[in-house]
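So that the names make sense, note that chain A is the first sequence line, chain B the second, and so on, each numbered from 1.
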2 protein chains.
Amino acid sequence: MGSGAPASVFSRPHPMSFFTAGSEIYAQGEKAGSFHQIEFGAVRIYRLLCDGRRQITAFHLAGETFGFEADRTHHFFAEAIMATGLRTHCPAAGEDMSRELLPLALRYMVRAQEHLLVVGRQNSVERIGAFLMDMSDRQGDLAQIELPMSRQDIGDYLGLTIETVSRVLSRLRDKGILKFHGLRVVEIRKPDALRIMCE
Amino acid sequence: MGSGAPASVFSRPHPMSFFTAGSEIYAQGEKAGSFHQIEFGAVRIYRLLCDGRRQITAFHLAGETFGFEADRTHHFFAEAIMATGLRTHCPAAGEDMSRELLPLALRYMVRAQEHLLVVGRQNSVERIGAFLMDMSDRQGDLAQIELPMSRQDIGDYLGLTIETVSRVLSRLRDKGILKFHGLRVVEIRKPDALRIMCE
DNA sequence: CGCTCGCTTGATATAGCTCAAAAGCTGTGG
DNA sequence: CCACAGCTTTTGAGCTATATCAAGCGAGCG
C-alpha cells in the first residue's frame with residue numbers, strides 16, 4: 001500500500017488514516033469539507049432517530065469515495081465496519097472539485113433512490129435478494145461474497161429486524177439457494193432463483 | 001411569464017413546455033441530457049416493479065430543477081402531477097454544468113437518504129407527519145398547505161397503501177391536528193403535536 | 001472450561017395490508 | 001339547475017407478514 005497504491009482520480013498524494021472496526025469516521029452535525037477514498041475495509045453511512053432506531057443509507061466498499069456533503073455539514077454518521085484504511089482528500093480553499101464529484105453524487109443519488117424502491121415496496125425476501133445481488137455485483141460477480149457487516153447492519157440497511165434477516169437467510173439456505181461458509185461468507189448457488197425472487 | 005419570468009440560475013433563455021396532469025415528461029431508459037426547471041405545477045419521480053408496484057422517490061415543486069442523470073440515461077420516470085410548465089435547459093456539447101448541478105445533486109442525495117430513514121424505520125403516523133412537515137417547509141411554512149398529489153401518490157411516496165394514508169389523515173383530523181379545506185388543502189392546526197408524533 | 005456476544009429459532013402480538021362497500025367529488029348532458 | 005356516471009377517497013372487517021419477546025446455540029477468547 002506504499003507508493004505503489006492504486007491510482008486515485010485525484011491529483012495530489014493524500015495522508016492515509018486507519019480506523020478499527022466500529023470506530024467513528026465522522027458524525028452528523030460535524031463540519032464537512034474533505035472526502036475519503038477507501039483503500040481497504042468497509043464503511044456504513046447512517047442516521048439515527050432519537051429513540052435509537054437506525055437507518056443505514058449506504059455501505060461503501062474498498063475503492064469507493066464518500067463523505068462530501070451539500071452544505072459543509074455532515075448530515076449522517078460514518079463508521080468503519082471493519083479495519084479500514086482511508087485516503088482523505090482536503091480540497092484547497094477555492095479549489096473546485098465539482099467535475100470530479102458530480103458523477104459520484106449522481107451515482108449515489110441513483111443508488112439511494114433505487115434503494116428506496118426496495119425498502120418502500122419490496123417484502124423481506126425481495127429485500128435480502130436485492131441486497132445480496134448488489135453486494136455480488138459490487139464484488140465483481142464472484143460466486144462467493146463477503147458480508148463485512150453484521151446481521152444487525154443488514155437489518156438496519158433493509159428496514160428489517162435482525163430476526164427477520166436471519167430467518168430469510170436460513171430459508172434461502174434451506175432451499176439450497178445460498179450456502180454459508182462461516183457467518184460472513186455466502187455462496188450464491190442458484191443466482192437465477194434469487195433473481196426471480198427479487199423479480 | 002414572458003421576458004419578466006423569474007430569474008434562472010442558468011444563463012441563456014430556454015424554451016418553455018407545458019404538460020397536462022398525468023402526462024409523462026420522460027421515461028426510465030430514455031436518453032437523458034437536458035434538465036428541467038419547474039415554472040409552475042408539480043412533478044413526481046418514480047420507479048416501477050414489473051408487477052406494477054410503484055415507489056415515488058421524489059416530488060418536485062415550482063422553482064425546483066430536476067432531470068439530470070448519472071450516465072446520460074434516465075433511471076426513473078417523471079410525470080406532471082398537475083398542469084405544469086417547464087423551462088428546459090439543454091447544455092451545449094462539451095459545456096460543463098458541474099458547478100451548477102453538484103449542489104442540487106448533493107441536496108437531492110441528502111433528501112433521498114433522509115427519506116430512506118422515514119420509509120425504513122418510521123411507522124405510518126410518523127411517515128405522514130414527516131411528509132406534511134416537509135411539504136409545509138417547502139411551501140414557506142404557511143399554515144395552509146397544498147397537496148397537489150393524490151392519496152395514491154402519497155402512499156407510493158411513503159411506502160404505504162392508500163387506505164392507510166387515508167386512515168392516518170382521518171385520525172389526525174379527528175384529533176384536531178389537521179383541518180381539511182377540500183381534499184387537497186390541509187391546515188396544520190397543531191404543528192407541535194405533529195412534530196412530536198414524528199419524534 | 002465456561003463466558004460473551006452475535007446469531008438462530010420459536011411463540012405470540014400487532015401494524016398495516018387486502019378485500020369490500022359506502023360516501024364524496026367532478027363533470028356532462030338534459 | 002338537477003341527475004347521473006365515473007372517479008377518488010373514506011370506512012369497515014378480517015388476514016398476514018413482520019415485529020416483539022424469549023430462549024437456545026455456537027464460535028472465539030480469557
Open item on the list: Can you tell me if A:Ser150 touches the phosphate of C:dG6, counting only side-chain N or O atoms and a distance under 4.0 Å to OP1 or OP2?
Closed with: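 Checking A:Ser150 against C:dG6: no side-chain N or O falls below 4.0 Å of OP1 or OP2.
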Is any NZ, NE, NH1 or NH2 atom of the basic residue among [X] and [Y] found under 4.0 Å from an Asp or Glu carboxylate oxygen of the other?
X: B:Arg184; Y: B:Glu146; answer: no
X: B:Arg138; Y: B:Glu64; answer: yes
X: A:Arg53; Y: A:Asp156; answer: no

Task: Nearest-nucleotide comparison on DNA chain C, the residue closer to the 5′ end among A:Arg121 and A:Ile162 - done: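 Taking each residue's closest nucleotide, the earlier one in sequence belongs to A:Ile162.
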Length of the line joining [X]:[atom1] and [N]:[atom2], which is rounded to integer Å:
X: A:Leu160; N: C:dC7; atom1: CG; atom2: P; value: 15 Å
X: B:Ile154; N: C:dG16; atom1: CD1; atom2: P; value: 16 Å
X: B:Gln152; N: C:dC17; atom1: CD; atom2: P; value: 11 Å
X: B:Arg151; N: C:dC17; atom1: CZ; atom2: P; value: 16 Å

Task: Boundaries of the DNA chain D segment in contact with chain A, non-hydrogen, under 4.0 Å - done: D:dT18 to D:dC21
Please tell me whether [X] and [Y] form a close aromatic pair, meaning their ring centres lie under 6.0 Å apart.
X: B:His60; Y: B:Tyr108; result: yes
X: B:Tyr157; Y: B:Phe59; result: yes
X: A:Phe66; Y: A:Phe35; result: no

Open item on the list: Taking any heavy-atom pair under 4.0 Å as a contact, classify A:Thr161: base, sugar-phosphate, or nothing.
Closed with: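 Counting heavy atoms under 4.0 Å across all strands, the contact made by A:Thr161 includes a base.
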- [ ] Have a look at B:Gly155 and say if it touches a base, only the backbone sugar-phosphate, or nothing, with a 4.0 Å heavy-atom cut-off.
- [x]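 B:Gly155: no heavy atom of the nucleic acid under 4.0 Å.
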Task: Contact residues, residues 166-185 of chain A to DNA chain C [heavy atom, < 4.0 Å] - done: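 Under 4.0 Å from DNA chain C: A:Ser166, A:Arg167, A:Ser170, A:Arg173, A:Leu183, A:Arg184.
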Can you confirm whether [X] is buried at [atom1], in the sense that more than 12 heavy atoms of other residues, nucleotides or ligands lie under 6.0 Å from that atom?
X: B:Arg99; atom1: CZ; result: no
X: B:Arg107; atom1: CZ; result: no
X: B:Arg173; atom1: CZ; result: yes

